[in-house]
Amino acid sequence: MELPEVETIVRTLAPRAVGRRIESVSVFRRDLLKLATPEAVRKAFAGSCIAGIRRRAKFILIDADGGFTLIVHLAMGGKLLSVPTGAPREEHTHLTLRLDGGCDVRMVDVRHFGKASLARTDEALTHPFFARIGVEYDDAEFTPDALHMLLAGHPKLAVKQFLLDQAGISGIGNIYASEVLYRAGISPAKPCASLTRPWAALLHGVIREVLSEAICNRGTSIRDYVDATGRGGGHQSALKVYGREGEPCPACGRPIVRIVQGQRSTFFCPRCQR
DNA sequence: TAGAGCCTGCGG
DNA sequence: CCGCAGGCTCTA
C-alpha cells in the first residue's frame, strides 16, 4: 500500500480510536517489533489514552498520552483495523490494542512484511525507521527545483526506480509511480538526468495531483487493501495504466505495455510516454 | 545500483 | 505447477 491508502487508514482509524483508553496490548508475533519488545510496548501503552494518529511517509504513528508512540508500517497487504473486541481474531493478527468503548485496533499482516516499533513521542520522527525517508509530496520544501535537484542526484537511475526510492520523495509505490509517469508523459526508463527543469516541474505537479486525487478517492483496492473500517478504496477505476497491460491507452488507443524494472512491474504507453 | 530474499495466498 | 502481488533490506 502506498501513501493514499495509509492516509485513508489514518483518517478512518482516528475517529474510532483517538480519545480511547488502551485497556491492554497483545503481541502475537514477537518479531513484528523492531528495536522494541512486547513488554516495552505494553508498559508504554497499557492504561494510556490514544492522543492522536498520524502519518509520515508510509508509516502510521499512534501517539499515546503517556508520551510514547507506536510506529507501524503495513508494507504490502498489511491491515490496521478497528474491530469489535468480541470479534474472532483473524489469522495473521500480530498485534491488538484493546480499547475501551468496545473496539480493538488490530494489525493483520498475512505476508509478515510489516513491522512496528516504539518511540518517545517527541522523538518519534527521528526513529531509525525514518533515517532514509525523504520529503512529503505536499511539503512546502517539495518544490519543482527540489525535485530537479533530487533527480540530478541519481543521474543514471530510471525515473520509475527513483519514484520508488523512499529516500527521495516518500510515499509513492508501484501503482502511483506508473500512474504519475503516464500522466506526465514520461517514459519510465528515462534516466533521471535526462529530465530538464521544465520536465521536473511538470512531474512535480503531477505527483501532487495524482496522490491528492487518490486520497480523495480513499485509495486503490485491487486485491486486499481496506481502510480501518474494512471498506475498500475507490481509486481503482481511475487508474489509467497500472494493471492494464494490453488494454488501450485512454489517450491514443495503443496497447498498454508491461515491463519489469527492479523486479517490479511497470505499466506505460510507449507512444504517449517519451 | 542490481539482485536475491523475506512470507503467504491467489489465479491461470 | 507457475507467476504474480499496494515494500523494503541486505548483499555483492
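Per chain, numbering begins at 1; letters A, B, ... match sequence-line order.
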Return yes if a side-chain donor-acceptor contact under 3.5 Å exists between [X] and [Y], otherwise no.
X      : Y      : result
A:T266 : A:S178 : no
A:S265 : A:R258 : yes
A:D227 : A:T229 : yes

Can you tell which of C:dG7, B:dA2, C:dC4 lies closest to the side chain of A:K58? C:dG7
Which residues in residues 69-81 of chain A have a heavy atom closer than 4.0 Å to any atom of DNA chain C?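 Hits under 4.0 Å, by residue number: A:H73, A:A75, A:M76.
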Using a strict heavy-atom distance below 4.0 Å, which residues from residues 168-183 of chain A are in contact with DNA chain C?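 The answer is A:G173, A:N174, A:I175.
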Starting at the 5' end of DNA chain C and moving along, which residue's nearest nucleotide shows up first, A:F129 or A:E5?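 The answer here is A:E5.
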For the pair A:E179 (side chain) and A:L239 (backbone), establish whether a donor and an acceptor sit closer than 3.5 Å, ignoring hydrogens and angles.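 Checking the backbone N and O of A:L239 against the side chain of A:E179, no donor-acceptor pair under 3.5 Å is found.
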Rounded interatomic separation in angstrom, taking [atom1] from [X] and [atom2] from [N]:
X      : N     : atom1 : atom2 : answer
A:Q161 : B:dA2 : CD    : P     : 6 Å
A:H154 : B:dT1 : NE2   : P     : 8 Å
A:K160 : B:dT1 : NZ    : C1'   : 15 Å
A:L239 : C:dA5 : CG    : C1'   : 15 Å
A:I222 : C:dC4 : CD1   : P     : 15 Å
A:Q236 : C:dA5 : CD    : P     : 17 Å
A:K34  : C:dT9 : NZ    : P     : 10 Å
A:Q261 : C:dG7 : CD    : P     : 14 Å

As a check on the pairing definition, encode DNA chain C in dot-bracket form, counting Watson-Crick and G-U wobble pairs whose two distances are under 3.5 Å, and using | for partners outside this strand. |||||.||||||
Under 3.5 Å, which donor-acceptor pairs do the side chains of residues 186-196 of chain A form with other protein atoms, sequence neighbours left out?
| residue | atom | partner | partner atom | Å |
| --- | --- | --- | --- | --- |
| A:S187 | OG | A:A189 | N | 3.4 |
| A:K190 | NZ | A:S194 | OG | 3.2 |
| A:S194 | OG | A:P191 | O | 2.6 |

Expressed as a whole number of Å, how far does the C1' atom of B:dC10 sit from that of C:dC8?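 After rounding to an integer number of Å, I get 22 Å for this pair.
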Distance between P atoms of B:dG9 and C:dT9 (Å, rounded): 24 Å
Does some side-chain heavy atom of A:H73 sit less than 4.5 Å from a side-chain heavy atom of A:K34? no
Is the shortest heavy-atom distance from the side chain of A:R54 to the side chain of A:L125 under 4.5 Å? yes
Using 4.0 Å as the upper bound for N to carboxylate O, is an ion pair formed by A:E5 and A:K58? no
Between A:R197 and A:D145, does at least one N-O distance fall below 4.0 Å, as a salt bridge requires? yes
Six-ring centre of A:F28, A:R89 cation under 6.0 angstrom, axis tolerance 45°: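 So A:R89 does make the cation-pi contact.
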Which part of the nucleic acid, if any, lies within contact of A:R258, taking any heavy atom under 4.0 Å across all strands shown: a base, the sugar-phosphate backbone alone, or nothing?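 Sugar-phosphate: the residue A:R258, judged by heavy atoms under 4.0 Å, touches backbone atoms but no base.
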Compare side-chain N and O positions of A:K115 against OP1 and OP2 of C:dG7 and report whether any pair is under 4.0 Å apart.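 Indeed not, no polar side-chain atom of A:K115 lies that close.
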Counting primed atoms plus P, OP1 and OP2 as sugar-phosphate and everything else as base, spell out the protein contacts along nucleotides 5-12 of chain B at 4.0 Å heavy-atom distance: B, S or - for each nucleotide, 5' to 3'. -BBBBB--
Would you call the rings of A:H112 and A:H94 parallel, tilted or perpendicular if under 30° counts as parallel and over 60° as perpendicular?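 Perpendicular, since the angle between the ring planes exceeds 60°.
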Ring pair (Phe, Tyr, Trp, His ring centres under 6.0 Å) filter on A:Y137, not counting sequence neighbours, yields none
